[in-house]
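Scroll down for the structure; my scribbles are underneath it.
We use all heavy atoms of the structure for the numbers below, so side chains are in, but hydrogens, waters and symmetry mates are not. Proteins get letters first, then strands, A, B, ... in listed order; numbering begins at 1 in each.
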Amino acid sequence: MPAITLPDGTVKSFDDAVSAFDVAMSIGERLAKACVGCEIDGELRDLSTVIDHDCSLSLVTEKNRDKTDNPQALEMLRHSTAHVMAEAIQRVVPGAMLVYGPPLESGFYYDIKFPEDRPLKEGDFEAIEQEMGAIVKEDRAFTRYDMSISDGMEKLKAEGSKYKVDNGEAAVRAGSESLSFYATGEPGKDWEDLCRGPHIPSTGRIGGFKVMSLASSYWHGDENSDSLTRVYGTSFFSKKDLNAHLERLEEAKKRDHRVLGKKLKLFHIDETVGQGLILWTPNGSVVRKELQNFIAAELTKQGYHEVFTPHIGKLDLYRTSGHFPYYADSQFPPLVERDHLVELSNEGCTCAQLSNNMSTGEIEGFMLKPMNCPHHIKVFDSQPHSYKDLPVRLAEFGTVYRWEQSGELNGMTRVRGFTQDDAHLFCTPEQINDEVQGCLSLVKTIFDVLGMEDYRVRVGLRDPDSAKYTGDPANWDKAEKACLDAAATLGVPFSQEPGEAAFYGPKIDFVVKDVIGREWQLGTVQVDYNLPERFDLSYVGADNEKHRPVMIHRAPFGSMERFIGVLIEHFAGAFPVWLAPEQVRVLPISEKSNDYAQEVLEQLKARGIRATCDMADQRVQAKIKNGSEMKIPYLVVVGPRDAENRAVSVRAFGVAKDLGSMPLDEFVAAVAEEYSLKGASTVKERFETVTA
RNA sequence: GCCGCUGUAGCUCAGUGGUAGAGCGCACCCUUGGUAAGGGUGAGGUCGAGAGUUCAACUCUCUCUAGCGGCUCCA
């Protein structure tokens, strides 16, 4: 006699065991038809699940009441579509062995081992989609059946796929008491797969689907293990939703910083210079310079001192810091004096010996700096410090070089040479909390000014099982506590992630997503007891004894490259006035107005405004189109009428209609004000005041 | 680094085993036009690089290189 509690608190009692579908039917047929699954005591299950005990039940419908997407329903749908795709792929490519096919936030994938002589190609997608279409049309029910562990494992072994056997073993390790299989249709007759479920009722519920892309992956995510092919797809309950999704992807592409970087002439990457090396073109340089000036002003307010240090340092420096040779793989090769190299070569020294001798310190050389901290430590250590001096805050826009794997490089967001808005704070243990909080508030200030609200905060802690973290565990505990305490004061949710710490200390990272949903770490604050130890740093305390300072590494933007890459996407290239490479463009109606246009231009420039004038032999409509495509904040049209009134006709980016006419002096003053405020659009506001 | 895809004019992209085309941009001419493309003419390409197959390769094969999507990595 199960008593079933529904989300609204209603309790429904049944004489016998019932399926969740029956419960839905008892409420209403329309509801039952809209259901794809259910949640029993908080666990997502099939709609056909039989309930024979008291429980709470929540029905999962295709859409929420307000017609928005229901993530749980989509998860089930996509998991089910993964099965359909897998069946289709096995029809198209016999011998393809299934590994693992989970749902994702915006679709699903299936990892598959293809026969060596028959890899999957994008050209196969059409055939796969056709087969999928047929399976959907057949509207076969997803049918679950359970087997005992021993029977199930025997079945898997008999099927001969080590991957599925492995999945079965993993389920057993995770504590499963049985193994569940899902047949797409009738068990024993139709295609089936070992799967924990749950699934939607039948294939006919898949309204729209698409095979998206191919990638490789590794079994168990281990690069030394089997290489698998990962097939990505997505699906929706309706064709319309699918199309909307595909359109969103197209729109996102237009906001991609690599696309906009070219279109708006913000940066350039040249094969001849090297991959992952950003050439800042004049437009992008304006954005960077404005941001750097902004942060430099903030740093002065917060008591930082700016320093400059070179791009290279001796190998020995990095032996002391621990960067070399532990991270040799991700650094540019060391620079060794030419004569020395010739000498070694004459002595028959091999590359391997050379490398080895560099590690052991027998050969000295220089390294492009992978981090700024060793240099800053040496600045700090260039003179003795009293506890009264602390904290010492040293800041530098420091350029570092790292040998990132070629497959990892990505526009401005993952590069081999980049400039961190770096600083290192040397303080007493008592000062850590205040200093970390000061750093965090700086990051928040920046994010607020730029209107970046969509970020998450991650506190990276050490992984107790990993050997890569150096230093005293007691200090680690202190540092981790300091980070967690500071993060708690932020007022935004944060996650704790073991294994995400730097090798020398825990950190607080600000993570944002790009237009295609990839996450990037921007700002970071890291507490470090380790490097002061390695470099034997000290200060004289009130007790006249030597004490060890603690270091805080922090970079609110992270790197100028990555930050601006993300920022381009955040603004979709339409920068606010203070950042816009070109703030105002003057558009004379015809040659006859060129003189006045020139005068307008001079006035703008005299106020430090980045303005140009489009004197091309074109109609003003064309000039407006060109100016709009470059996403210039203000276009001002000037013709005889304006010249006579000493006015300009203003057009603001993103506003379809022109704002109207404004006296020239007033416009110049308004733009200058908007520039200095770094915030709201004062020009538009003035028009609103006029019309109000 | 691994798997798949891509590389043709400054940009976006068509294209064929017989040494190339469009639109935009650029130059010049006409046009002097009041809010998202006025018209004409012209210049511009070792078809990513190298090797191979072929009478003939931008096209087919291989290697390399770079970009894209993932995987792995990210002090």
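Taking 4.0 angstrom as the limit, A/Asn410 places none of its side-chain polar atoms (N or O) nearer than this to OP1 or OP2 of B/G67. In terms of phosphate contacts, A/Lys265 brings no side-chain nitrogen or oxygen within less than 4.0 Å of OP1 or OP2 of B/C11. The side chain of A/Arg518 places an N or O atom within less than 4.0 Å of a non-bridging phosphate oxygen (OP1 or OP2) of B/G70. Side-chain nitrogen and oxygen atoms of A/Gln405 include none within less than 4.0 Å of the OP1 or OP2 phosphate oxygen of B/C2. Taking only side-chain nitrogens and oxygens, A/Gln621 never comes nearer than 4.0 Å to OP1 or OP2 of B/A37. A/Arg651 has a side-chain polar atom (N or O) that falls below the 4.0 Å cut-off from OP1 or OP2 of B/A36. One finds no side-chain N or O of A/Ser216 lying less than 4.0 angstrom from the OP1 or OP2 phosphate oxygen of B/G70.
Nearest to the side-chain atoms of A/Tyr327 among the listed nucleotides B/A75, B/A36, B/A66 stands B/A75. Which of B/G70, B/G1, B/G34 sits closest to the side chain of A/Ala215 comes down to B/G70. Nearest to the side chain of A/Ala622, among B/G70, B/A75, B/A37, sits B/A37. Distances from the side chain of A/Gln526 to the nucleotides B/U35, B/A66, B/A75 place B/A75 closest. Counting only heavy atoms from C-beta on, A/Arg619 has its side chain closest to B/G38 among B/G38, B/A75, B/G70.
Side-chain atoms of A/Asn645 never come within 3.5 Å of backbone atoms of A/Asp642 as a donor-acceptor pair (strictly under, hydrogens ignored). A distance-only check finds a donor-acceptor pair linking the side chain of A/Glu569 to the backbone of A/His257 [under 3.5 Å]. A/Arg562 places a side-chain N or O within 3.5 Å of a backbone atom of A/Gln521 that can act as its donor or acceptor partner. In this structure, A/Asn167 contributes its side chain and A/Val99 its backbone to a donor-acceptor pair below 3.5 Å. The backbone N or O of A/Asn410 sits less than 3.5 Å from a side-chain atom of A/Thr413, completing a donor-acceptor pair.
Separation of the C1' atoms belonging to B/C47 and B/G18 is 16 Å when rounded to the nearest angstrom. Nucleotides B/C2 and B/C73, compared at atom C1', are 12 Å apart to the nearest Å. Taking the P atoms as reference points, B/A14 lies 15 Å from B/C60, given to the whole Å. The separation of B/U59 from B/C26, taken at their P atoms, amounts to 33 Å, rounded to a whole angstrom. Here, B/C68 and B/C62 have their P atoms 24 Å apart, quoted to the whole Å. B/C11 and B/U16 have their P atoms separated by 23 Å, given to the nearest Å. A gap of 23 Å separates the P atoms of B/A20 and B/C24, to the nearest Å. Across the C1' atoms, B/G45 and B/A22 are found 14 Å apart, a figure rounded to whole Å.
Remark: A/Arg258 in residues 252-261 of chain A come within less than 4.0 Å of RNA chain B through at least one heavy atom.
Under 3.5 Å, the side chain of A/Tyr232 and the base of B/G4 form no donor-acceptor pair of N or O atoms. One cannot find a donor-acceptor pair under 3.5 Å joining the base of B/U32 and the side-chain atoms of A/Asp617. The base of B/G34 has none of its N or O atoms less than 3.5 Å from a complementary donor or acceptor on the side chain of A/Asp658. Judged by distance alone with a 3.5 Å cut-off, a donor-acceptor contact links the side chain of A/Arg414 to the base of B/C74. Taking 3.5 Å as the limit, the base of B/G34 and the side chain of A/Ser649 contain a donor-acceptor pair of atoms between them.
Distance A/Leu214 CG to B/G4 C1': 5 Å, rounded to the nearest Å. Taking atom OH of residue A/Tyr110 and atom P of nucleotide B/C71, one finds them 18 Å apart after rounding to whole Å. The distance between atom NZ of A/Lys121 and atom C1' of B/C5, rounded to the nearest whole Å, is 10 Å. The CD-P distance, from A/Glu271 to B/C64, rounds to 15 Å in whole Å. Following rounding to the nearest Å, A/Phe125 (CZ) and B/G69 (C1') show an atom-to-atom distance of 10 Å. The nearest whole Å value for the distance from the CD atom in A/Gln618 to the P atom in B/C29 is 15 Å. Computed from coordinates, the A/Tyr218 OH to B/G1 P distance equals 11 Å when rounded to whole Å. As rounded to whole Å, 7 Å separates atom C1' of B/C73 from atom CD of A/Glu223.
Counting any heavy atom pair closer than 4.0 Å across all strands shown, A/Ile516 reaches sugar-phosphate atoms only and no base atom. Nucleic acid contact for A/Ser330: base, since at least one base atom lies under 4.0 Å from a heavy atom of the residue. Note on A/Ser217: only backbone sugar-phosphate atoms sit closer than 4.0 angstrom, heavy atoms only; bases stay farther off. A/Glu122 comes within contact range of the sugar-phosphate backbone alone, with a heavy-atom separation under 4.0 Å but no base atom that close. At a threshold of 4.0 angstrom between heavy atoms, the contacts of A/Gly411 are confined to the sugar-phosphate backbone, with no base atom among them. At a threshold of 4.0 angstrom between heavy atoms, the contacts of A/Ser321 with the nucleic acid are absent. Within 4.0 Å of A/Gly627, counting heavy atoms only, lies no atom of the nucleic acid at all. Residue contacts for A/Lys262: at a heavy-atom cut-off of 4.0 Å it reaches the sugar-phosphate backbone alone, with no base atom in range. Here A/Leu409 lies in heavy-atom contact (under 4.0 Å) with sugar-phosphate atoms only.
A/Phe267 and A/Trp280 have their aromatic ring centers separated by at least 6.0 angstrom. Aromatic ring centroids of A/Phe563 and A/Phe557 lie under 6.0 Å apart. A centroid separation of less than 6.0 Å is found between the aromatic rings of A/His323 and A/Phe503.
A/Gln526 and A/Tyr504 share a donor-acceptor pair across their side chains, judged by distance under 3.5 Å alone.
Checked for salt-bridge contact, A/Lys253 and A/Glu250 meet the test: a charged N lies under 4.0 Å from a carboxylate O. Salt-bridge formation is not detected for the pair A/Arg651/A/Asp658: no Lys NZ or Arg NE/NH1/NH2 atom is positioned less than 4.0 Å from an Asp or Glu carboxylate oxygen. Ionic pairing of A/Arg534 and A/Asp528 is not present here: no N-O contact between side-chain nitrogen and carboxylate oxygen is shorter than 4.0 angstrom. Under the 4.0 Å criterion applied to side-chain N and carboxylate O atoms, A/Glu497 and A/Lys507 are not assigned as salt-bridge partners.
Under the stacking criterion of a centre-to-centre distance below 5.5 angstrom and an interplanar angle below 30°, A/Phe503 is not stacked against the six-membered ring of B/A75.
Taken together, the paired segments of RNA chain B that extend over three or more consecutive Watson-Crick or G-U pairs, each closer than 3.5 Å at both contacts, are B:1-7 with B:65-71, B:10-13 with B:21-24, B:26-30 with B:38-42, B:48-52 with B:60-64.
Comparing A/Arg562 and A/Lys625 against RNA chain B, the residue whose closest nucleotide sits nearer the 5' end is A/Lys625.
Ring orientation note: the planes of A/Phe380 and A/Phe426 are close to parallel, at an angle under 30° on the 30°/60° scale.
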